[in-house]
Amino acid sequence: MESLKEKIIALKKEKNAVILAHYYQEEAIQEVADYVGDSLGLSQEAAKADADIIVFAGVHFMAETAKILNPNKIVLLPDIKAGCSLAESCPPDLFKKLLDEHPDHVVITYVNCSAEIKAMSDIVCTSSNAVKIVNSVPPDRKIIFAPDKNLGKYIIQQTGRDMILWDGACIVHEAFSYDKLIKLYNENPGAKIIAHPESETHILETAVYVGSTAGMIDFVKTNPAELFIVATEAGILYKMQQEVPNKILIPAPSKEDNTCACSECAFMKMNTLQKLYDCLVNGYPEINIPEEIRIKALIPINRMLQNS
Ligand code: 13P
Ligand code: SF4
């Protein structure tokens with residue numbers, strides 16, 4: 001009997017579909033994907049996708065970005081409820097109020113936000129290019145950065161720019177326990193701590209490398225160390241371990257006493273192999289964006305892609 005994976009592979013061929021998956025997706029989904037990457041890589045892949053259907057195995061804002069870039073393609077999200085605490089922290093009406101109060105500011109938004117928020121932005125960034133994008137703004141211009149305050153604080157520290165920060169955060173990256181991390185580090189002499197910039201400042205200060213999910217994978221590949229403590233969503237460990245089969249990777253501990261002692265994004269994990277199969281069969285849940293918003297949101301996304 002054909003396995004679910006085999007059925008998905010056959011179906012995506014038959015329907016001329018491409019599967020794009022984020023590193024935080026469950027292993028089985030990563031295995032059937034045509035491309036696995038970070039937010040920037042996924043946006044770039046979506047921009048050049050040559051398929052009728054894009055199945056986006058990630059969260060809602062990522063699938064929206066793919067749709068903004070591909071208005072004539074069908075974009076499917078296996079679970080339409082796969083949201084993001086950061087994106088949800090920034091409602092369009094409140095964001096507009098902030099922009100109205102600061103009309104002279106350049107508006108830079110982290111890609112983890114809704115299409116409506118992107119439509120109000122001057123330029124979008126991801127964790128891969130945030131520092132570069134902020135540095136590209138002339139020094140005499142004031143900046144609003146939204147929605148992630150932790151990434152925002154990190155950029156301020158890296159660039160010396162004074163930015164107004166939106167008060168949003170990622171529930172997963174704010175769940176790391178500093179005390180448990182230091183204890184783990186002391187128990188593992190020689191370990192290198194690496195962290196995603198959505199983590200809180202005191203976690204980032206312990207890290208020898210701070211970067212996007214793709215950047216973190218590159219770091220463990222190129223750094224000679226054998227032992228790493230990884231402060232980001234635990235799904236990354238699957239691809240990372242494949243890249244460095246002989247190195248030891250330990251997930252950074254979360255504040256909660258959960259069974260795996262690591263942090264998982266419940267939104268990302270809403271997508272399952274079964275739901276991926278079902279969405280290919282049924283042609284929904286489909287992402288649709290009002291054209292007026294899509295056109296406005298495309299401008300800051302394209303500015304980012306041209307800058308990356
Ligand atoms: P990356 O851009 O590093 O893939 O991060 C995406 C994300 O949602 C992190 O929580
Ligand atoms: Fe959003 Fe955090 Fe999940 Fe990334 S890990 S999708 S930022 S909630």
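All heavy atoms count here, side chains included; hydrogens, waters and symmetry mates do not.
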Salt-bridged, [X] to [Y], with N to O below 4.0 Å?
X: Lys96; Y: Glu101; answer: no
X: Asp179; Y: Lys255; answer: no
X: Lys15; Y: Asp52; answer: no
X: Glu243; Y: Lys239; answer: no

Ring centres under 6.0 angstrom apart (Phe145, Trp166):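 Not under 6.0 Å, so no.
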Do the side-chain N and O atoms of [X] and [Y] include a donor-acceptor pair separated by under 3.5 angstrom?
X: Thr109; Y: Ser121; value: yes
X: Tyr178; Y: Thr206; value: no
X: Tyr110; Y: Glu198; value: yes
X: Glu26; Y: Asn271; value: no
X: Tyr35; Y: Gln44; value: no

Do the side chains of [X] and [Y] join up, straight or via other hydrophobic residues, at under 4.5 Å, putting them in one cluster?
X: Val32; Y: Phe56; value: no
X: Val55; Y: Leu273; value: yes
X: Ile54; Y: Tyr284; value: no
X: Phe61; Y: Ile108; value: yes
X: Tyr277; Y: Val75; value: no

Closest non-hydrogen atom pair, [X] against [Y]:
X: Ile68; Y: Ala115; value: CD1-CB, 4.0 Å
X: Ser85; Y: Ala169; value: OG-O, 3.2 Å
X: Ala49; Y: Lys73; value: O-NZ, 2.6 Å
X: Ile301; Y: Lys118; value: CD1-CD, 3.8 Å
X: Asp50; Y: Asn16; value: O-OD1, 4.2 Å
X: Asp38; Y: Ser128; value: OD2-OG, 2.8 Å

Gln241: side-chain contact (heavy atoms from CB on, under 4.5 Å) partners, not counting sequence neighbours: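 Gln241: side-chain contact (heavy atoms from CB on, under 4.5 Å) contacts with Leu249.
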Partners meeting side-chain contact (heavy atoms from CB on, under 4.5 Å) with Ser3 (sequence neighbours left out):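 side-chain contact (heavy atoms from CB on, under 4.5 Å) list for Ser3, sorted by chain: Lys5, Glu6.
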To the nearest 0.5 angstrom, please state how far the [atom1] atom of [X] sits from the [atom2] atom of [Y].
X: Cys113; Y: Glu88; atom1: SG; atom2: CD; result: 12.5 Å
X: Lys149; Y: Asp167; atom1: NZ; atom2: CG; result: 4.5 Å
X: Asp148; Y: Leu165; atom1: CG; atom2: CG; result: 9.0 Å
X: Glu2; Y: Ile8; atom1: CD; atom2: CD1; result: 10.5 Å
X: Asp79; Y: Cys279; atom1: CG; atom2: SG; result: 10.0 Å
X: Thr213; Y: Ile236; atom1: OG1; atom2: CD1; result: 5.0 Å

With a 4.5 Å heavy-atom cut-off, do [X] and [Y] have their side chains touching?
X: Tyr238; Y: Gln30; answer: yes
X: Leu99; Y: Met120; answer: yes
X: Val18; Y: Lys12; answer: no
X: Ile229; Y: Tyr185; answer: yes
X: Glu264; Y: Val172; answer: no

CG (Asp162) with more than 12 external heavy atoms under 6.0 Å: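 Counting neighbours around CG of Asp162, 12 or fewer heavy atoms of other residues, nucleotides or ligands fall under 6.0 Å, so no.
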Trace of the side chain to side chain contact (heavy atoms under 4.5 Å, CB included) decision for Phe267 with Ile171: CA-CA 10 Å; Phe267 299 110; Ile171 43 168; 3.8 Å; yes
Stepwise salt bridge (Lys or Arg N to Asp or Glu O under 4.0 Å) test for Lys269 and Glu233: CA-CA 11 Å; Lys269 283 353 189 227; Glu233 209 268 0; 2.9 Å; yes
Parallel, tilted or perpendicular: ring planes of Phe228 versus Phe219, cut at 30 and 60 degrees: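 Ring orientation, 0 to 90° scale: perpendicular.
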Trace of the side chain to side chain contact (heavy atoms under 4.5 Å, CB included) decision for Val137 with Asp122: CA-CA 10 Å; Val137 176; Asp122 294 307; over 6 Å; no
Side chain to side chain donor-acceptor pair (under 3.5 Å) evaluation trace for Tyr23 with Thr232: CA-CA 11 Å; Tyr23 289 122; Thr232 192; over 6 Å; no
Working for side chain to side chain contact (heavy atoms under 4.5 Å, CB included), residues Gln157 and Thr201: CA-CA 10 Å; Gln157 185 242 319; Thr201 306; over 6 Å; no
Step-by-step side chain to side chain donor-acceptor pair (under 3.5 Å) determination, His173 to Ser263: CA-CA 8 Å; His173 288 86; Ser263 292; over 6 Å; no
Side chain to side chain contact (heavy atoms under 4.5 Å, CB included) assessment of Met304 paired with Ile133: CA-CA 7 Å; Met304 171 187 77; Ile133 300 278; 4.3 Å; yes
Short side-chain to backbone donor-acceptor contact, Asn223 and Ala225, under 3.5 Å: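 A pair under 3.5 Å: yes.
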From Leu86, Thr65, Leu42, residue fulfilling side-chain contact (heavy atoms from CB on, under 4.5 Å) relative to Val111: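 Only match with Val111 under side-chain contact (heavy atoms from CB on, under 4.5 Å): Thr65.
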Side chain to side chain donor-acceptor pair (under 3.5 Å) pairs, two or more places apart, involving residues 294-303: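 Every pair satisfying side chain to side chain donor-acceptor pair (under 3.5 Å) with a residue in residues 294-303: Glu291-Arg294.
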